J.: 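Below are the structure tokens for one structure; questions will follow.
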Amino acid sequence: EQVYDAASIQAKWQAVWAEHDPFRAGGDEDRRPRKYVLGMFPYPSGDMHMGHAENYAYVDVVARFWRHRGYNVLNPIGWDSFGLPAENAAIQRGADPREWTYSNIEQQKTSLKAFGTSYDWSRVLHTSDPEYYHWNQWLFLRLHERGLAYRKESPVNWCPHDQTVLANEQVVDGRCERCGHEVVKKKLTQWYLRITDYADRLLDDLNQLEGFWPQKVIQMQRNWIGRSVGADIDFEIEGHPEKVTVFSTRPDTLHGATFFVVAPDSDLAAELAAGADAEVQARFGEYLENVRRSTDIERQSTDRPKTGVFLGRYAINPVNGARLPIWAADYVLADYGHGAVMAVPAHDQRDLDFARAFDLPVTVVVDTTAPITGAIPVIELDDDGEPIEPEGESLDSIDPARTGVALTGEGRMINSGSLDGLSKRTAIARMIEQLEAAGTGRASKSYRLRDWLISRQRFWGTPIPMLHTEDGRIVPVPDDQLPVRLPSVEGLDLTPKGTSPLGAAASWVETVDPETGAAARRDPDTMDTFVDSSWYFLRFLSPGDSGEAFSPQEASRWAPVDSYIGGVEHAILHLLYARFITKVLFDMGLVDFTEPFSTLINQGMVLLGGSKMSKSKGNLVEFAASMQSPGADAVRVAIAFAGPVEDDIEWEDVSTTGAQKFLARAWRIAKDVDSETGVIWAEGDPALRRVTHRLLADAPGLVEQTKFNVVIARLMELVNATRKAIDTGAGASDPAVREAAEVIAMVLDLFAPHTAEEMWEMLGYPPFVGLVPWRQPDPTLLVDESVTAVVQVDGKVRATIEVPARIGAGELEELARGDARVVRSVGEREIVKVIVRAPKVVSISTRP
Ligand code: ANZ
């Protein structure tokens, strides 16, 4: 007896697919509508594990689904092959990062093919190929021309272990995202991309993604951009030539400002301290030393005792001339707003904590006990349900100076001159008007988002295509001299030293200014790899094109990506950068859309023993090994069946044995059915046909909602019903059994493509089941089963009616009242009561 042999089925179909390449996207001549399905491309940093498998399995479900639905599907794959993981691994092994990277890519390609993925393999790209990074350099030059790439010296996040600069996003809880070492600040001159110019658009355009991206990701993007609306207010400083501006979201509270705080690590703090006496200078210097050692996270922590130094200087409140003592305190950050705040301790908790720590005055300017018109009063009830008279809460009883709790709620302005009596909202607007009229302030916005630092002092990345001339100019490498290729690694020491290893490649670094012919040096830094991944989805549309980064025509045909699938770890950085670059390309007229990814699907993580699978934790279930046993299809089914896509999967709870049994059961159905095609479905058993057609009707919606596990559950239901029909019902020759077997093969293709192809062949069809159009469900088979409802009038059965089993009470009542027999029996009498127990009984009572 022939048995289900996963390994040989897998090998057989992979060879057929490799030969015929059936999943290549259609070209210009293809008239079908298009879908662009993309999985976040992998790093070639070693062997792949079940976390990767999960991603590729889901991507393949979506790609295969749209093919069945009649779309011309583009589902490409490439490698994000520059970057630190490869470089570090190369350093540890003393290998050439190039050789190491490309051999990993080969290994991963083999694994992905063994997984039965339906990629268009003709479009593979590697970001570390000069053919690719050529266009990173091109992109950099375009950004530079538009003033969006610039250099500045600033304190940067520096990982002393990896000896490299990190973007804010790569610092997690004050530590290096890659190696976990504590990050310190260091001053360097670096290249930045001006993403802050796009802050408003990056924020506002999130609205169009609502409902298409996970809400969590949209919120993370919003928080990361962090737009605050308020005012800039200018303060005179005694004995200081220039005014100092602060940003405040609460300009209404300006009369309540009782002191002034500057970030200790700001230039302003240094200037103010320099003008103070020797003792202040000494104390400030000591304080600054301590501050330098703490991270931004620590500084913003609310439960940390407030520290600070009085600088012996005063700021003048522009509305009332009050003298506000100036302090340097680390809860104010140098790089947010203007690095200085007006402190309003009555209404800001951080300011209040500080005021209480240093005995500074607290002035209440918003009476939060005063009712605001339009606000709905909250009336509390006592145990007897009687309203409790409000305590008559007085401003005194909630005095922040005593309670330690700042008054941040709604209320009416007091102690604020002409603002008195106004609500917070009106007062904010009024104060901004007054400041603008007096020329001492203006409406303003602040953002948490910072410009994107892209310089890396590492070898394995895209060289920045700029030259430093002998006379101190910085000039671009001309387009026709791109790509600036990485030199050979030979003779270079890659161990991190804080300067780029490329600087030591003398014959590479030393060149000439293309305009003057004078000596010049190449910029030795390489680009953050997030530059590479910010536009790769466009390169897939015309890979290998040596004349341009991507074809705008192809982009307008295929892009934006319809379904983008990947891990939530990329919720901020990668997506934000890709959105930014897309908007720049839009402004350049190269793409006709402003958001790169129309739908985003985030899969959960695969855990082993409760923690994320990762090489560093050594808890990998290796991908390549699992392809041998239990096999690709079983792994894919088990993953998709393990739970909702967005949930984490505990690998120990995943049953590949269960999946194998299910696949064998499905396969056996195809084996038992005659290989005779072309039977007349309508002659088949209607009960089984109903199960089949309900799956055909429901699965598309379920797949679109990424409820893959439910689709598998429904497939299992159909497999069981079909087996029952074969063994104890209509028998294997019933057309309904054959129909069910065909539908099982087609839907199973989403999850277990090898088994599905095998079934399809056993059912007598030529390949490829992956390209078979979705069968239309027969609407007559989707109608519910019917039941007989009884209608009584005054206790006597007057009618029976056939109704759908799932009929609602209202609908049933309407049918009953409209039935001719019921109408006759009610006659002229008045109906006083109708009791409905859907779907079985309607009982009508009447009176004369
Ligand atoms: C006066 C005030 C009164 C404030 C009040 C708040 C409440 P978000 O919402 O995060 O943007 N601030 C401004 N620059 C700062 C900096 N560099 N470091 C730390 N704090 C800073 O916060 C804006 C508020 O944070 C600003 O509004 C300012 O305090 C403070 F009842 O001004 B506010």
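This is a predicted model, so every value here is computed, not measured. As a basis for the values below, the full set of heavy atoms in this structure was taken, side chains included, without hydrogen atoms, waters or symmetry mates. Counting starts at 1 for both ligands and their atoms, in listed order.
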J.: For ligand 1, does T253 get within less than 4.0 Å through its side chain, its backbone, both, or neither, judged by non-hydrogen atoms?
T.: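 Near ligand 1, T253 shows its side chain, while the N, CA, C and O stay back.
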J.: What protein heavy atom sits nearest atom 28 (C) of ligand 1, and how far away is it?
T.: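 Scanning the protein heavy atoms, the shortest distance from atom 28 (C) of ligand 1 goes to F247 O, 3.7 Å.
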J.: Check whether any N or O atom of L333, backbone or side chain, sits under 3.5 Å from an N or O atom of ligand 1, and answer yes or no.
T.: yes
J.: Which of the numbered atoms in ligand 1 are below 4.0 angstrom from a heavy atom of S228?
T.: 8 (P), 9 (O), 11 (O)
J.: Give the residue and atom name of whichever protein heavy atom lies nearest to atom 27 (O) of ligand 1, and the separation in Å to one decimal.
T.: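 Answer, as residue, atom name and distance: T249 N, 3.0 Å.
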J.: What atoms of ligand 1 come within less than 4.0 Å of a heavy atom belonging to H347?
T.: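 Those atoms are 5 (C), 7 (C), 31 (F).
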J.: Can you tell me the protein heavy atom closest to atom 6 (C) of ligand 1 and the distance?
T.: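 Checking every protein heavy atom, the shortest distance to atom 6 (C) of ligand 1 gives D348 OD2, 3.3 Å.
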J.: Which residue holds the protein heavy atom closest to atom 14 (N) of ligand 1, what is that atom called, and what is the gap in Å?
T.: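 Sorting protein heavy atoms by distance from atom 14 (N) of ligand 1 puts V341 CG1, 3.6 Å first.
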J.: If we ignore angles and hydrogens, is there a donor and acceptor under 3.5 Å between the side chains of S301 and D303?
T.: yes
J.: Which of parallel (below 30°), tilted (30 to 60°) and perpendicular (above 60°) describes F260 and F235?
T.: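 Ring orientation, 0 to 90° scale: perpendicular.
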J.: If the cut-off is 4.0 Å to any non-hydrogen atom of R448, which atoms of ligand 1 fall inside it?
T.: 10 (O)
J.: Could you check whether Y331 and D351, counting side-chain N and O atoms only, form a donor-acceptor pair closer than 3.5 Å?
T.: yes
J.: Under 30°, 30 to 60°, or over 60°: which ring-plane class applies to Y577 and W452, parallel, tilted or perpendicular?
T.: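 The arrangement is parallel - the two ring planes meet at less than 30°.
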J.: Answer yes if the side chains of E286 and N290 hold a donor-acceptor pair under 3.5 Å, and no otherwise.
T.: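 No, no side-chain donor-acceptor pair sits under 3.5 Å.
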J.: Establish, for the pair R227 and Y447, whether the NZ or CZ atom is under 6.0 angstrom from the six-membered ring centre and no further than 45 degrees off its axis.
T.: no
J.: Are K152 and Y192 in a cation-pi contact, defined as NZ or CZ under 6.0 Å from the six-membered ring centre and within 45° of the axis?
T.: yes
J.: Among protein heavy atoms, which lies nearest atom 25 (O) of ligand 1, and at what distance?
T.: R350 NH2, 3.2 Å
J.: Heavy-atom contact under 4.0 Å between H338 and ligand 1?
T.: no
J.: Quick one: do R151 and D523 make a salt bridge, cutoff under 4.0 Å?
T.: yes
J.: Quick test: of every protein heavy atom, which one is nearest to atom 19 (C) of ligand 1, and how far off is it to 0.1 Å?
T.: Y331 O, 3.4 Å
J.: Looking at atom 1 (C) of ligand 1, what's its closest protein heavy atom, distance included?
T.: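 Here the closest protein heavy atom is S248 OG, 3.0 Å.
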J.: Look at the rings of F140 and H144 and say which category their plane angle falls in: under 30° parallel, 30 to 60° tilted, over 60° perpendicular.
T.: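 Rings of F140 and H144: parallel, as their planes differ by under 30°.
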